[in-house]
Visitor: 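Pasting in a structure now, in structure tokens, and then I'll have a few things to ask.
Nothing here was measured: the structure is a model prediction, and the numbers come from that model.
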Amino acid sequence: NGIESSATSYSDLPFHLSLISSFAYGYNSRTSKKQTPFYAGAELCYPIVADYFSAILVSCGRASLRVSLAIPTILLLFSLTIALYDLSRLFSKLKYVPEISIIFFFLACGTGWRYFFIKRCHDNINTNYVHTFCEDTYTFWIHSLIHFLIPQRSGMFSTPISVLITSLLISIVSDIPKSHKTALLAGIMMGLIPMMSAHSYIGVGEYAIFVCLFNFPFKQVSKWFETIKTWCFFGVPAILISIPQIIWLTREKRSNFFIIQPIHKETDSSTFGFFKVWWSSLGAFAFLSLISVWIFHNRAQNMMYLPSVCVWIVSNIIRYQPGAMDNTKVFIVAWYPLACAAVSNFIIVLWVKSNEKTESVNFYSHQNNSRRKDKMSQFFNINNVFIKIAIIIVIIGFCFGSIICIYRAMAYSFPMFNQEEKNLGIWMTENTPKDAVMLCGAWGQNPVMSLGGRLVTLGYLGWVWTHGL
């Protein structure tokens with residue numbers, strides 16, 4: 001309705017609106033020296049492609065701020081779904097793996113749902129059972145759709161292209177001599193990512209390094225030249241195109257970026273904190289994706305998935321931004337899509353093998369007396385049903401919290417700007433100069449900044465911290 005918002009969009013959307021409005025008709029529309037809207041005087045060192053694209057729709061296409069957000073989001077969600085399907089098909093040719101993988105990507109979560117049965121947690125309006133479980137109880141993991149793709153527009157723009165690059169990298173290693181054009185395309189796409197999302201650039205870059213190392217023919221010297229040449233088709237454009245963007249993004253010093261510190265210590269520094277945090281974050285999905293899936297993998301699948309697990313390991317150790325939550329952005333683009341494909345493949349294979357096992361036992365029992373056949377058949381039929389029930393329970397277990405999270409995001413909304421505040425934003429646009437700097441409170445939902453496109457001396461302190469200012 002143009003007034004209300006919900007979930008993480010309520011806290012992130014004002015920042016993105018401030019960038020869109022400042023590019024369309026505010027301070028950043030009049031100068032090449034871009035400034036951070038919520039911190040006047042600080043150079044803007046943030047990936048701007050997503051918000052700049054919306055600003056073009058506003059200033060050139062006469063779209064409203066709301067429409068400028070909605071149109072790209074709908075189109076990019078559609079493209080992401082296709083990209084996830086394509087990646088899953090590369091990983092496994094089994095029927096239903098791509099469909100289930102997409103469902104897991106949008107629904108998998110941890111064990112936060114157990115707080116649903118605690119009244120004080122259930123009544124807390126901030127509880128979402130994926131990131132925030134109760135008062136002062138939370139994890140670093142965020143919901144891929146509600147907390148990442150929809151509110152964090154850089155993620156919405158970069159995730160589809162990141163998944164497509166992953167698919168291209170897998171295609172490259174499957175046929176090195178014939179992959180020059182594929183590598184070049186992947187390299188160009190990789191080079192364009194930094195101004196969409198620095199986290200996606202880091203995540204996909206790490207995956208590219210590991211997939212190259214794991215698939216490099218170290219023992220076959222005769223293949224070195226062709227392999228290096230193919231990877232140069234990827235690496236050279238990826239680096240050359242990205243360098244100007246990286247220089248722009250790092251031209252002002254930021255504090256507490258790229259620190260070697262295990263991310264689980266932000267929420268639990270106990271002896272078993274690592275395991276408890278990941279169990280809370282992704283529950284059975286984490287166990288399946290890191291431990292169980294290898295049982296049914298072939299070598300090709302290992303070579304696809306192992307590099308992403310290495311990204312997962314590195315991103316558990318290095319904190320890329322002050323908040324550990326931002327590491328989830330790297331997980332979601334460089335590990336999570338393949339993890340969803342791997343878990344889907346595991347579940348489908350387990351389901352199929354349970355049926356095959358029953359059939360083989362029936363065949364074996366056929367050569368014995370009828371009484372023994374009936375007993376053996378009954379035994380394995382019972383186990384067959386048990387396995388399928390267990391699979392269903394496990395899937396419900398790591399999807400239930402996500403379903404509640406999505407429901408609460410849709411059911412509970414809050415007024416971001418009332419009509420008077422919207423009128424104030426319009427008045428600021430029409431009656432103050434574009435380079436005006438306003439002294440306002442530090443509340444995030446600031447119509448002067450988000451709707452009027454004007455700089456403020458100091459905005460929401462949470463943004464100041466996460467941006468390292």
Visitor: Is R251 salt-bridged to E43, going by a charged N under 4.0 Å from an acidic O?
Guide: yes
Visitor: Name the orientation class of the two ring planes belonging to H122 and F116 (parallel below 30°, tilted from 30 to 60°, perpendicular beyond 60°).
Guide: perpendicular
Visitor: Does S21 use its side chain to pair, donor to acceptor, with the backbone of S450 at less than 3.5 Å?
Guide: yes
Visitor: If only atom types and distance count, is the side chain of Y115 paired as donor or acceptor with the main-chain N or O of T132 below 3.5 Å?
Guide: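 Answer holds: no.
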Visitor: Below 4.5 Å, heavy atoms only, C-beta onward: do N446 and F417 meet side chain to side chain?
Guide: no
Visitor: Does the side chain of T139 pick up a donor-acceptor pair with the side chain of T267 at under 3.5 Å?
Guide: no
Visitor: So do E206 and V314 actually touch side chain to side chain, heavy atoms under 4.5 Å?
Guide: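 Answer yes - side chains close enough.
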Visitor: Indicate whether any N or O donor in one side chain lies under 3.5 Å from an N or O acceptor in the other, for S158 and Y201.
Guide: no
Visitor: So does D326 pair up with K329, basic N to acidic O under 4.0 Å?
Guide: yes
Visitor: Could you give me the CA-CA distance, side-chain angles and deciding distance for H147 and Q152, then say whether side chain to side chain donor-acceptor pair (under 3.5 Å) is met?
Guide: CA-CA 7 Å; H147 300 149; Q152 302 188 32; over 6 Å; no
Visitor: Would a distance-only check, ignoring hydrogens and angles, find a side-chain to backbone donor-acceptor pair under 3.5 Å from S200 to M196?
Guide: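 No, because the side chain of S200 does not come within donor-acceptor range (under 3.5 Å) of the backbone of M196.
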Visitor: Within a 6.0 Å radius of atom CD1 on I125, are there more than 12 heavy atoms belonging to other residues, nucleotides or ligands?
Guide: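 Result for CD1/I125: enclosed.
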Visitor: What class does the angle between the rings of F400 and W113 fall in, given that below 30° is parallel, 30 to 60° is tilted and above 60° is perpendicular?
Guide: perpendicular
Visitor: With a 3.5 Å distance limit and no angle check, can you tell me whether R319 reaches the backbone of P322 through a side-chain donor-acceptor pair?
Guide: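 It does hold such a pair.
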Visitor: According to the interplanar angle, ranging from 0 to 90°, do the rings of F285 and W335 count as parallel (below 30°), tilted (30 to 60°) or perpendicular (above 60°)?
Guide: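 Ring orientation of F285 relative to W335: perpendicular.
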Visitor: Would you name the heavy atoms of M438 and V448 that are closest together and state the gap between them?
Guide: CG-CG1, 3.5 Å
Visitor: Students often mix this up, so state it plainly: with edges at 30° and 60°, are the rings of W463 and Y460 parallel, tilted or perpendicular?
Guide: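 Plane angle over 60°, so perpendicular.
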Visitor: Is the closest side-chain heavy-atom distance between H143 and F148 below 4.5 Å?
Guide: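 They are not in contact (no side-chain heavy atoms under 4.5 Å apart), so the answer is no.
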Visitor: Whether the S54 and R153 side chains hold a donor-acceptor pair (N or O, under 3.5 Å, no angle test) is what I'd like checked.
Guide: yes
Visitor: Would you confirm whether S242, through its side chain, and G191, through its main-chain N or O, come within 3.5 Å as a donor-acceptor pair?
Guide: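 Checked: no pair found.
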Visitor: Could you check whether S197 and S154, counting side-chain N and O atoms only, form a donor-acceptor pair closer than 3.5 Å?
Guide: no
Visitor: With S270, which of K276, H264, K265 fulfils side chain to side chain donor-acceptor pair (under 3.5 Å)?
Guide: K276
Visitor: In a single word, yes or no, tell whether C109 and C405 have an SG-SG distance below 2.5 angstrom.
Guide: no
Visitor: Decide, yes or no, whether a salt bridge links E226 with K229 under the criterion of side-chain N to carboxylate O below 4.0 Å.
Guide: yes
Visitor: Is the CZ atom of F140 crowded by more than 12 outside heavy atoms at less than 6.0 Å?
Guide: yes
Visitor: In a check of ring-ring contact (aromatic ring centres under 6.0 Å, His included) between Y46 and each of F15, Y52, F38, which one passes?
Guide: F15
Visitor: Test ring-ring contact (aromatic ring centres under 6.0 Å, His included) on F346 and W294; report intermediate values, then the result.
Guide: CA-CA 8 Å; F346 173 81; W294 309 98; over 10 Å; no
Visitor: Would you call the rings of Y336 and F105 parallel, tilted or perpendicular if under 30° counts as parallel and over 60° as perpendicular?
Guide: tilted
